[in-house]
There are 2 protein chains.
Amino acid sequence: MNTITARQQEILTFIQQTVEQKGYPPSLREIAGHFGMVGTRGAFKHVAALIRKGHLRKGPGARALEVISQSQTARAVQSKSAGRAIPILGRVAAGQPILAEENLLGHLTVDPSLVRGREAFLLKVKGKSMRDAGILDGDLVLVKRQADADSGEIVVAMVEGEATVKRLIKKRGSLILQPENPDFDPIVITEKDASFQILGKVVSLIRPVV
Amino acid sequence: MNTITARQQEILTFIQQTVEQKGYPPSLREIAGHFGMVGTRGAFKHVAALIRKGHLRKGPGARALEVISQSQTARAVQSKSAGRAIPILGRVAAGQPILAEENLLGHLTVDPSLVRGREAFLLKVKGKSMRDAGILDGDLVLVKRQADADSGEIVVAMVEGEATVKRLIKKRGSLILQPENPDFDPIVITEKDASFQILGKVVSLIRPVV
DNA sequence: TAGAATGGTATTCATATGAATACCATCACG
DNA sequence: CGTGATGGTATTCATATGAATACCATTCTA
């Protein structure tokens with residue numbers, strides 16, 4: 001049941017590659033066209049078989065194919081010897097894509113176990129506001145992209161057009177960005193502050209001494 | 001022209017996250033629904049603006065949105081990149097080869113720029129004696145193997161059968177291992193202490209948060 | 001203060017797309 | 001030797017989806 005035919009593997013690989021390359025899966029007609037088929041029925045049957053065998057998932061609507069096991073195993077295979085190149089950001093300007101080129105300081109290869117699966121970036125920390133959490137000026141924090149976080153977690157957030165690293169405290173609906181240094185004051189986020197945004201959660205730290 | 005409004009950034013982030021999570025972009029109606037809009041026109045205009053500003057690309061057919069700058073760097077993130085697998089040591093027992101198997105906790109892939117050329121290992125730090133240097137319990141220090149070091153550098157040294165991380169101070173021929181925490185006392189090395197040995201110099205630090 | 005850009009509601013339309021029906025060829029397998 | 005699974009062609013159909021027209025409120029800027 002879990003066994004897959006050679007032809008089905010071809011189809012699956014093509015779908016996988018298209019998703020990897022363009023960010024969205026091919027339509028049935030694109031699959032059929034790529035393999036020289038005339039109608040869509042052939043491609044449809046293969047896709048149906050792959051869904052039945054658990055290699056694909058189908059969401060509602062058009063072009064809603066999600067690749068299941070293939071990408072997961074591919075990721076697990078990568079985790080052995082190779083690393084992932086993570087972009088290093090110096091600053092994060094408001095109203096721009098986070099990974100805008102002018103902010104990019106370079107890339108650093110990081111062990112996949114530190115960034116399992118998700119989009120991530122490295123941010124060069126400025127200032128000493130998180131000193132007592134062992135995060136010093138110049139450290140690189142590895143940030144997993146997510147729009148929310150749990151209370152007590154250390155996050156990177158946009159406040160007044162600046163990306164800042166603080167501990168997030170949720171208290172009766174209000175948000176506090178808590179520094180880990182008595183010389184600094186907490187930042188309280190009022191509900192209506194639209195400029196506030198959580199960019200991600202700090203999942204690791206890398207300090208290039210010297 | 002390249003500037004993006006806050007709302008557009010929200011939309012772009014949502015598209016980005018959906019692609020990242022499911023492997024295909026949301027439809028206009030899914031975007032509209034997620035932001036509480038009624039029709040598709042609002043979402044459509046934002047998408048059009050993002051295409052015009054170069055942050056998205058539109059292929060032929062339905063649900064064929066490709067995220068440009070964001071996903072390209074995100075894709076670069078996914079790309080494999082060469083790193084060096086560095087052994088992680090939990091403890092270092094006296095009178096044994098440093099890399100003895102029983103001490104090995106595993107391996108971590110590290111960017112080559114952090115360990116240029118030399119033999120290196122990662123040591124899992126125990127205790128809080130280097131707290132004020134931002135080295136916390138559980139951190140991994142990346143150690144470059146060398147038998148000596150300059151005064152002021154942070155080193156890993158064997159003292160009384162234990163590997164310890166301290167700042168090395170050289171003073172008129174005598175050696176001091178200086179903690180970075182007032183709760184701990186410096187260790188003074190007498191010249192004839194044969195059990196003392198510098199294992200290497202700390203060149204980087206990696207903290208796997210959580 | 002006029003005008004452009006943003007960010008919408010309400011509605012409609014053309015079509016790309018998934019899915020179905022009917023039929024067929026090949027191959028493995030008991 | 002029949003039977004089921006695979007892998008198709010040819011054709012049709014319902015609809016999810018992108019895109020358009022018309023209109024409006026707000027904000028920012030020249």
Side-chain angles (χ1 to χ4, degrees), chain A residues 1-16 18-19 22-68 94-97 161 192-195 197, chain B residues 1-16 18-19 22-68:
Chain A
M1 59 166 75
N2 212 357
T3 58
I4 193 174
T5 70
R7 191 62 164 168
Q8 285 167 5
Q9 179 62 61
E10 283 187 81
I11 308 279
L12 183 57
T13 299
F14 173 66
I15 296 174
Q16 171 71 26
T18 305
V19 169
K22 309 186 116 188
Y24 55 85
S27 68
L28 288 181
R29 282 161 185 82
E30 284 170 354
I31 296 174
H34 182 265
F35 290 97
M37 305 176 191
V38 179
T40 66
R41 184 69 209 188
F44 176 78
K45 279 204 193 169
H46 285 121
V47 168
L50 288 168
I51 291 175
R52 176 166 42 83
K53 293 178 180 176
H55 295 90
L56 289 177
R57 183 180 300 143
K58 176 73 177 65
R63 233 198 265 254
L65 281 181
E66 184 177 352
V67 184
I68 301 289
Q96 270 196 346
K192 54 205 166 208
D193 190 345
S195 74
Q197 185 187 7
Chain B
M1 61 164 72
N2 211 356
T3 59
I4 192 175
T5 69
R7 191 62 163 168
Q8 285 165 6
Q9 177 64 60
E10 284 187 79
I11 308 279
L12 183 57
T13 299
F14 173 66
I15 296 173
Q16 171 71 27
T18 303
V19 170
K22 309 185 115 186
Y24 55 86
S27 67
L28 287 182
R29 282 161 185 82
E30 285 171 354
I31 296 173
H34 182 265
F35 290 98
M37 303 174 191
V38 178
T40 64
R41 186 70 220 207
F44 176 77
K45 280 204 192 167
H46 285 122
V47 169
L50 288 167
I51 292 174
R52 176 166 42 84
K53 292 178 180 176
H55 296 90
L56 291 176
R57 182 181 301 143
K58 176 74 177 65
R63 231 199 265 256
L65 280 182
E66 184 178 354
V67 185
I68 299 291

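Note on naming: letters A, B, ... go to the chains in the order of the sequence lines (proteins, then strands), and numbering restarts at 1 for each one. Note that the structure is predicted; figures quoted are calculated from it, not measured.
- Straight-line distance from the CZ atom of A:Phe44 to the P atom of C:dA22: 15 Å, rounded to whole Å.
- For A:Arg7 and D:dG8, the shortest distance from a side-chain N or O to OP1 or OP2 is below 4.0 Å.
- Between B:Leu56 atom CG and D:dG18 atom C1' the separation is 14 Å, expressed in whole Å.
- Distance CD (A:Glu66) to C1' (C:dG18): 18 Å, rounded to an integer number of Å.
- Between the C1' atom of C:dG18 and the CD1 atom of A:Ile15 lies a distance of 13 Å, rounded to the nearest Å.
- Of the side-chain N and O atoms in B:Thr40, none sit less than 4.0 angstrom from OP1 or OP2 of D:dT17.
- When heavy atoms are screened at a 4.0 angstrom cut-off, A:Gly42 is found touching base atoms of the nucleic acid.
- Regarding A:Arg41, its CZ atom lies at a distance of 12 Å from the P atom of D:dT9, rounded to whole Å.
- Side-chain nitrogen and oxygen atoms of B:Arg52 include at least one within less than 4.0 Å of the OP1 or OP2 phosphate oxygen of C:dT6.
- We find that CE of A:Met37 is positioned 16 Å from C1' of C:dG18, with the value rounded to whole Å.
- Counting heavy atoms from C-beta on, the side chains of B:His55 and B:Gln8 never come closer than 4.5 Å.
- Taken from NZ in B:Lys45 to CG in B:Leu28, the straight-line distance is 13.5 Å, to the nearest 0.5 Å.
- Atom CD1 of A:Ile51 is separated from atom C1' of D:dT6 by 17 Å (rounded to the nearest Å).
- Each of D:dA19, C:dG7, C:dT17 was ranked by its minimum atom distance to the side chain of B:Gln8; first place goes to C:dG7.
- At the phosphate of D:dT6, OP1 or OP2 sits under 4.0 Å from a side-chain N or O atom of A:Lys53.
- Each of B:Gly36 and A:Ser27 was matched to the nucleotide of DNA chain C holding its nearest heavy atom; the match closer to the 5' end belongs to B:Gly36.
- Put simply, B:Arg63 has a side-chain N or O that comes within less than 4.0 Å of OP1 or OP2 on D:dT17.
- Taking for each of A:Gly39 and A:Arg29 the nucleotide of DNA chain D with the nearest heavy atom, the 5'-most of the two is the partner of A:Gly39.
- A distance of 9.0 Å separates CZ in A:Phe35 from NE2 in A:His46, rounded to the nearest 0.5 Å.
- Rounded to an integer number of Å, the gap from B:Leu50 CG to C:dT6 P is 11 Å.
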Open item on the list: Could you walk me through whether B:Leu65 and B:Lys58 satisfy the side chain to side chain contact (heavy atoms under 4.5 Å, CB included) test, starting with their C-alpha distance in whole Å, then the side-chain angles of each, then the deciding distance to 0.1 Å, before giving a yes or no?
Closed with: CA-CA 5 Å; B:Leu65 280 182; B:Lys58 176 74 177 65; 3.9 Å; yes
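- With C:dG18, C:dG7, C:dT9 as the choices, the nucleotide that has an atom nearest any side-chain atom of B:Val38 turns out to be C:dT9.
- Here A:His46 reaches the OP1 or OP2 of D:dG7: one of its side-chain N or O atoms lies under 4.0 Å away.
- Counting distance only, with no hydrogens placed and no angle test, the side-chain atoms of A:Lys45 and the base atoms of D:dG8 include a donor-acceptor pair under 3.5 Å.
- In summary, B:Lys22 and B:Glu30 do not engage in a salt bridge, as defined by a charged side-chain N under 4.0 Å from a carboxylate O.
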